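The structure appears right after this line, and notes come after that.
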2 protein chains.
Amino acid sequence: MFGSSIKLTDRQQQLLDYLRQQQRDFGVMPSTRDIQKHFGFSSQTAAMSHLRALEKKGVIQRHPHKARAVVFPEDLKREEIVDVPLYGSIAAGYAEAQQQEPDGSISVDAATLGLNRNGKAFALKVRGESMIGANICHGDIVIVEVKEPRPRDIVAALIDGETTLKRFVLENGQPFLRAENPAFPDLVPARELVIQGVMKTLIRKVD
Amino acid sequence: MFGSSIKLTDRQQQLLDYLRQQQRDFGVMPSTRDIQKHFGFSSQTAAMSHLRALEKKGVIQRHPHKARAVVFPEDLKREEIVDVPLYGSIAAGYAEAQQQEPDGSISVDAATLGLNRNGKAFALKVRGESMIGANICHGDIVIVEVKEPRPRDIVAALIDGETTLKRFVLENGQPFLRAENPAFPDLVPARELVIQGVMKTLIRKVD
DNA sequence: CCGAACTTTGTTCGAGCGAACAGAGTTCGT
DNA sequence: ACGAACTCTGTTCGCTCGAACAAAGTTCGG
């Protein structure tokens with residue numbers, strides 16, 4: 001992408017990997033003494049020199065006179081990340097509070113998701129082809145924000161004790177759900193319509 | 001989701017927001033003395049107590065006896081995040097090295113993307129309906145990994161000085177590109193076929 | 001072969017920083 | 001009105017940690 005392609009020494013690469021691993025595993029950067037011990041240096045100065053070298057090559061940034069103050073530049077440029085729990089399916093009874101165990105988690109920056117940290121959201125794995133007319137396929141992952149739907153929104157709704165994706169339609173003051181597939185009938189709610197949220201984003205992984 | 005719903009005091013929320021903001025802006029956590037100064041406390045102990053309270057409520061974790069060692073639990077559970085540059089379009093001549101300025105950036109965890117830090121990738125905004133048969137719409141964002149395509153892969157290819165998305169097909173030893181839309185003809189390469197990468201993931205934002 | 005960059009040693013200094021303790025004012029629910 | 005939780009003060013102790021300096025061994029390209 002740019003000038004970061006200045007080559008690193010073997011040792012410098014090792015140090016960088018160590019920094020990254022520590023940050024991932026503990027969330028905190030090692031001090032120069034931590035580095036010294038990990039690499040078996042007899043002096044912190046060795047660690048210091050390497051950090052200085054890495055900083056000169058632009059792969060890290062440092063805040064002078066602050067402890068454990070090594071930063072990766074890419075982390076600074078990054079937007080805020082939000083974590084969305086992924087449910088393979090949502091069982092009945094958990095319509096309001098998602099108290100189930102997630103099947104995993106999806107972490108994306110808020111900007112591409114169109115969400116903020118406050119808005120509750122979850123991800124749902126699509127089953128079946130009932131929304132194929134909206135180009136939503138079996139196996140796709142849909143990010144759903146918990147909020148009131150507007151007409152024509154695609155929503156996650158609780159039907160027969162199972163969450164499915166449908167389009168929310170309002171005709172003559174009567175709300176109902178419509179599949180985007182001629183093979184599926186409209187669904188007029190028997191009693192009440194349990195809408196769990198509104199689709200905001202779609203993610204599809206190809207093999 | 002779980003017990004993190006223990007309510008925070010106003011002051012505790014302010015402190016948490018401050019921690020988050022500092023981490024975003026500088027990549028480093030504030031020390032107790034930084035907190036003290038920021039809130040105008042006359043003693044660090046106030047900061048200490050609040051940190052302890054936040055830790056007890058589970059919204060932060062701390063590494064005892066380490067400097068600036070406050071961690072957000074969600075950051076620890078999170079998978080590795082990779083940043084993918086987004087290009088609205090890729091002009092000719094930049095087929096190999098993406099030396100253009102990105103129109104933005106997408107940050108997603110590696111697991112969701114199916115990529116690792118090493119593999120080069122970029123994101124592309126889809127224009128037109130030529131892949132509608134594969135349920136890829138105008139306006140979708142496609143993550144493309146730079147690598148050799150296998151037959152039947154969907155690829156980003158350079159055609160007439162512009163990058164487009166097509167299916168890579170191999171028939172009788174002859175490679176060509178096929179749109180997933182009957183209104184578009186097959187594209188047999190005049191001279192050579194410039195494949196920029198293979199589609200790995202699709203992201204669609206709905207209004 | 002010579003020098004530049006990389007790598008490591010050994011030591012000292014002083015500010016950074018978490019931790020602890022005793023005490024007290026404030027808010028809020030019951 | 002009583003207590004619990006929240007909030008803040010003032011101070012001291014001692015490890016943590018970055019920084020600096022002088023020196024030298026190692027690797028490697030030209």
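Because the structure is a prediction, the values reported are computed rather than measured. First the proteins, then the strands, lettered A, B, ... as listed; each starts at 1.
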Discussion item. Does C:dT7 have OP1 or OP2 under 4.0 Å away from a side-chain N or O of A:His50?
Written reply: yes
Fill in: Residues A:Lys120, A:Glu145: salt bridge by 4.0 Å N-O rule
no
Fill in: For chain A, the stretch of DNA chain D it reaches, first to last nucleotide, under 4.0 Å of its heavy atoms
D:dC17 to D:dC21
Discussion item. Less than 4.5 Å apart, side chain to side chain, heavy atoms only: is that true for A:Leu165 and A:Ile154?
Written reply: yes
Worksheet item: Would one find a side-chain N or O of B:Arg11 under 4.0 angstrom from OP1 or OP2 of C:dT26?
Response: no
Worksheet, complete the sentence: Separation of C:dC17 atom C1' from B:Arg52 atom CZ, nearest Å, is 14 Å
Worksheet item: Rounded to the nearest Å, what distance is computed from the CG atom of residue A:Asp10 to the C1' atom of nucleotide C:dA5?
Response: 14 Å
Worksheet item: Within this structure, what is the CG-to-P distance between B:Leu51 and C:dG18, rounded to whole angstrom?
Response: 8 Å
Response to the item:
From NZ of B:Lys66 across to C1' of C:dG18 the rounded distance in Å is 13 Å
Worksheet item: Should A:Thr163 and A:Gln196 be marked as a side chain to side chain donor-acceptor pair (under 3.5 Å) after you check the CA-CA gap, both sets of side-chain angles, and the distance that decides it?
Response: CA-CA 8 Å; A:Thr163 295; A:Gln196 300 181 305; 2.6 Å; yes
Discussion item. Can you pull out the residues from residues 34-43 of chain A that lie within a 4.0 Å heavy-atom distance of DNA chain D?
Written reply: none
Item to complete: Inspect the contact between A:Arg78 and A:Asp109 and indicate whether a charged nitrogen and a carboxylate oxygen are less than 4.0 angstrom apart.
Response: no
Fill in: Heavy-atom neighbours of B:Asp25 CG exceed 12 at 6.0 Å
yes
Item to complete: Determine, using ring centers only, whether A:His50 and A:Tyr18 are less than 6.0 Å apart.
Response: no
Item to complete: Classify the nucleic acid contact of B:Gln12 as base, sugar-phosphate or nothing, counting any heavy atom under 4.0 Å across all strands shown.
Response: sugar-phosphate
Discussion item. Salt bridge check, B:Asp34 against B:Arg68: does any charged N sit closer than 4.0 Å to a carboxylate O?
Written reply: yes
Worksheet item: How close or far is atom P of C:dA20 from atom CZ of B:Arg62, stated in whole angstroms?
Response: 10 Å
Worksheet item: Which part of the nucleic acid, if any, lies within reach of B:Ala67 when heavy atoms closer than 4.0 Å are counted: base, sugar-phosphate only, or nothing?
Response: sugar-phosphate
Worksheet item: Going by modelled atom types, is there a donor-acceptor pair between the base of C:dG18 and the side chain of B:Arg33 at under 3.5 Å?
Response: yes
Worksheet item: DNA chain C: B:Ser31 or A:Thr9, which has the more 5' nearest nucleotide?
Response: A:Thr9
Practice prompt. Go through residues 15-26 of chain B and report each residue with a non-hydrogen atom lying under 4.0 Å from DNA chain D, sorted by number.
Written response: none
Discussion item. Could you measure the distance from the NZ atom of A:Lys166 to the CG atom of A:Leu177? Nearest 0.5 Å is fine.
Written reply: 7.5 Å
Practice prompt. With salt bridge (charged side-chain N to carboxylate O under 4.0 Å, His left out) as the test, would you mind laying out the steps for B:Arg20 and B:Asp75 before giving the verdict?
Written response: CA-CA 11 Å; B:Arg20 276 209 246 269; B:Asp75 288 357; over 6 Å; no
Item to complete: Taking the six-membered ring of A:Phe168 (Phe, Tyr or Trp), confirm whether the NZ or CZ of A:Arg152 is under 6.0 Å from its centre and within 45° of its axis.
Response: no
Practice prompt. Mind calculating the distance between NE2 (A:His63) and C1' (C:dA15) to the nearest angstrom?
Written response: 18 Å
Worksheet item: With the threshold set at 4.0 Å, does a side-chain nitrogen-carboxylate oxygen contact exist between B:Glu79 and B:Arg117?
Response: no
Worksheet entry | Side-chain touch B:Thr112/A:Ile141, heavy atoms, less than 4.5 angstrom | no
